[in-house]
Amino acid sequence: MLKLFTLPVAMGLVAAVIASPALANDTMAEVKTGGLIFAQSDDVSMAEEDLFISASEVRVDYVFENSSDKDVESLVAFPMPDISGQVDNNSAISDYDSDNFLHFSTLQDGSPITAKLQQRVVSLGIDVTDEFAKEGIPVLPYSQKTTEALAKLPETVRKDWIARGLVYPMSAGDAKVDLVPLWTLRSTYWWRTTFPAKKKVSVAHRYKPAVGGTVAISFLEGGEPKGERFEEYSRKYCLDGDFVRVAQQRAREAEAGGANYTESWISYVLSTGANWAGPIKRFQLTIDKGKPGSLISFCGSNVQKIGPTTFRMTAEDFDPAKDFDILILNPPETAQ
């Protein structure tokens, strides 16, 4: 049976109004009707994972090792960030009308790979890709071509999609009503490869993350560290006392007439990396917070500051039991 491996993808910084994408770390899968079914690998391990995340670029470099005495023929897949439609769109994707909207590229053992693209449209957990194909609707939310195509939907389909939560009717002035996308686009790049017996294979990915965020610090309630959002942030990003106190000071400065700090988030799903044979032998994560004046918080161990804006976490025989989230507070342009 032809197996499929998926490579981990670090999510780009995503706008507050867009649902947080969940992207899978490396795991094995089988191709079945309806999409990719993830499984476990007994023969191929992840010897190394070197991940770099910044607002302008994500770089992921792997070394895989086939420890068996036979070649493993496979598909290799790389899931991209989910793009979810919302009534208010604050995403900074620069190329809405391109399938390769994050300018993804990949190399295997130093040679460029021409990957195929699988795109699925999901709404409320239901795959509606075939319906979009039938009506000729482009799948990328916020694309101008998508907006134009939605305006031409037959009235019966229009009412049905509104009732099912695929789109939302919004007045655009002069009694004109636009349909705002509410669906989620899931994109995966994949290609065929072979892991030679007793050999190592290197794979590298590069892409430009979608950058966005809030317009102010959102996890304080009345300037105080309390409320459900603060509790959620504390668990998700391991906020400490110093980080919170500085955030409070910045919020007070904004209330007194200063410019707001803004939030950005980076999420990386590590847990499915445990599906490979054994733990990740060597794991390294480097984060660039962007500006010297930015604040950063995340749950990590063995973290060192290696530059004015960069931090590094390393581990050996790393068993990714849970996922990884990063919070960055960005200073206004006048306070970099």
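All of these numbers come straight from a predicted model, not from anything done at the bench. Counting from 1, the numbers follow the sequence of the chain as shown.
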If you measure only the distance, is there a donor-acceptor pair under 3.5 Å linking the side chains of N330 and S264? yes

Are the side chains of F219 and E263 in touch, meaning some heavy atoms are under 4.5 Å apart? yes

Nearest 0.5 angstrom please: D43 CG to K70 NZ, how far? 4.0 Å

Hydrophobic clustering (ILVMFWY, side-chain heavy atoms < 4.5 Å, transitive) - are V122 and L179 grouped together? no

Identify whether L153 and L166 are in the same connected component of the hydrophobic contact network (ILVMFWY, side-chain heavy atoms under 4.5 Å). yes

Can you tell me how far CG of L107 sits from CD1 of I113, rounded to the nearest 0.5 angstrom? 8.0 Å

Side-chain touch I287/F298, heavy atoms, less than 4.5 angstrom: yes

Between A247 and I217 the two heavy atoms that sit nearest each other are O-CD1, 3.5 Å

Would you sort out whether M46 and Y62 count as a side chain to side chain contact (heavy atoms under 4.5 Å, CB included), showing the intermediate values? CA-CA 7 Å; M46 191 190 301; Y62 314 95; 4.2 Å; yes

Would you compute the distance between atom CZ of R312 and atom NZ of K305 and round it to the nearest 0.5 angstrom? 14.5 Å

Main-chain N/O of A204 paired to T106 side chain as donor or acceptor, under 3.5 Å: yes

Atom pair CD/OG1 of Q304 and T314 - distance to nearest 0.5 Å: 7.0 Å

Within the side chain of T214, is there an N or O that forms a donor-acceptor pair under 3.5 Å with the backbone of A216? yes

Grab the two heavy atoms, one from D71 and one from A197, that are nearest each other, plus how far apart they are. OD1-N, 2.8 Å

Using every non-hydrogen atom in the two residues, find where R235 and C299 come nearest and quote the distance to one decimal. O-SG, 4.0 Å

Would you call the rings of F104 and H205 parallel, tilted or perpendicular if under 30° counts as parallel and over 60° as perpendicular? tilted

Under 4.0 Å between a Lys/Arg side-chain N and an Asp/Glu carboxylate O for E255 and R252? no

Test item: N100 and L117 side chains (from C-beta on) under 4.5 Å apart, heavy atoms: no

Separation of T286 OG1 from L51 CG (nearest 0.5 Å): 8.0 Å

Are V303 and I53 connected, step by step, through hydrophobic side chains (Ile, Leu, Val, Met, Phe, Trp, Tyr) whose heavy atoms are closer than 4.5 Å? yes

Sole residue of L239, L220, V244, D325 in side-chain contact (heavy atoms from CB on, under 4.5 Å) with Y233: L239

Let's go through V128 and W183 carefully: what are the C-alpha distance in whole Å and the side-chain angles of both, what is the deciding distance for side chain to side chain contact (heavy atoms under 4.5 Å, CB included) to 0.1 Å, and is it a yes or a no? CA-CA 9 Å; V128 293; W183 65 81; 5.5 Å; no

Should the pair D61-R206 be classified as a salt bridge under the 4.0 Å nitrogen-to-oxygen rule? yes

Which atom of R164 lies closest to which atom of L124, heavy atoms considered: O-CD1, 3.4 Å

Any side-chain heavy atom of V203 sitting closer than 4.5 Å to one from T193? no

Are side-chain heavy atoms of P196 and V201 found at a separation under 4.5 Å? yes

Steps toward side chain to side chain contact (heavy atoms under 4.5 Å, CB included) verdict (Q118, R186): CA-CA 8 Å; Q118 173 184 284; R186 295 178 178 168; over 6 Å; no

I'd like to know if the side chain of T147 and the backbone of S143 have a donor-acceptor N/O pair within less than 3.5 Å. yes

Under 3.5 Å donor-acceptor, K198 side chain and S67 backbone: yes

What I'd like to find out is whether the side chain of R158 reaches to under 4.5 Å of the side chain of I162, using heavy atoms alone. yes

Check the surroundings of atom CD in E155: do more than 12 heavy atoms from other residues, nucleotides or ligands lie under 6.0 Å from it? yes

Count the heavy atoms of every other residue, nucleotide or ligand shown that sit under 6.0 Å from CD of E148, and state whether that count exceeds 12. yes

What verdict does the salt bridge (charged side-chain N to carboxylate O under 4.0 Å, His left out) test give for R250 and E253, after you've listed the backbone C-alpha separation in whole Å, the side-chain angles of each residue and the deciding distance to 0.1 Å? CA-CA 5 Å; R250 299 297 180 262; E253 292 170 357; 3.6 Å; yes

Measure the acute angle between the ring planes of F132 and W161, then classify it against the limits of 30° and 60° as parallel, tilted or perpendicular. parallel

Pairing donors with acceptors under 3.5 angstrom, does anything connect the side chains of S68 and N66? yes

Check whether any side-chain heavy atom of D50 sits under 4.5 Å from a side-chain heavy atom of R59, and report yes or no. no

Just by distance, do the side chain of T129 and the backbone of R120 share a donor-acceptor pair under 3.5 Å? no

Output the distance between atom CD (Q119) and atom OG1 (T188), rounded to the nearest 0.5 Å. 9.0 Å

Can you name the closest pair of heavy atoms from G227 and E221 and give their distance? CA-OE1, 3.5 Å

Report the C-alpha separation of W191 and Q108 in whole Å, then their side-chain angles, then the decisive distance to 0.1 Å, and conclude whether the side chain to side chain contact (heavy atoms under 4.5 Å, CB included) test is met. CA-CA 11 Å; W191 61 96; Q108 182 168 315; 3.3 Å; yes

Does one hydrophobic cluster hold both L150 and Y142, with members joined at side-chain heavy-atom distances below 4.5 Å? yes

Kindly say whether K281 contributes a backbone atom to a donor-acceptor pair with the side chain of E48 at under 3.5 angstrom? no

Between the main-chain N or O of I126 and the side-chain N or O of S123, is there a donor-acceptor pair closer than 3.5 Å? no

Hey, quick one: are I296 and M313 part of the same hydrophobic cluster, counting side-chain heavy atoms closer than 4.5 Å, chains of contacts allowed? yes

Side-chain heavy atoms of L285 within contact of F318, under 4.5 Å: no

With a 3.5 Å cut-off and no angle check, do the side chains of T309 and D288 form a donor-acceptor pair? yes

Nearest atoms (heavy-atom pairs only) where P181 meets V167: CA-CG1, 4.4 Å

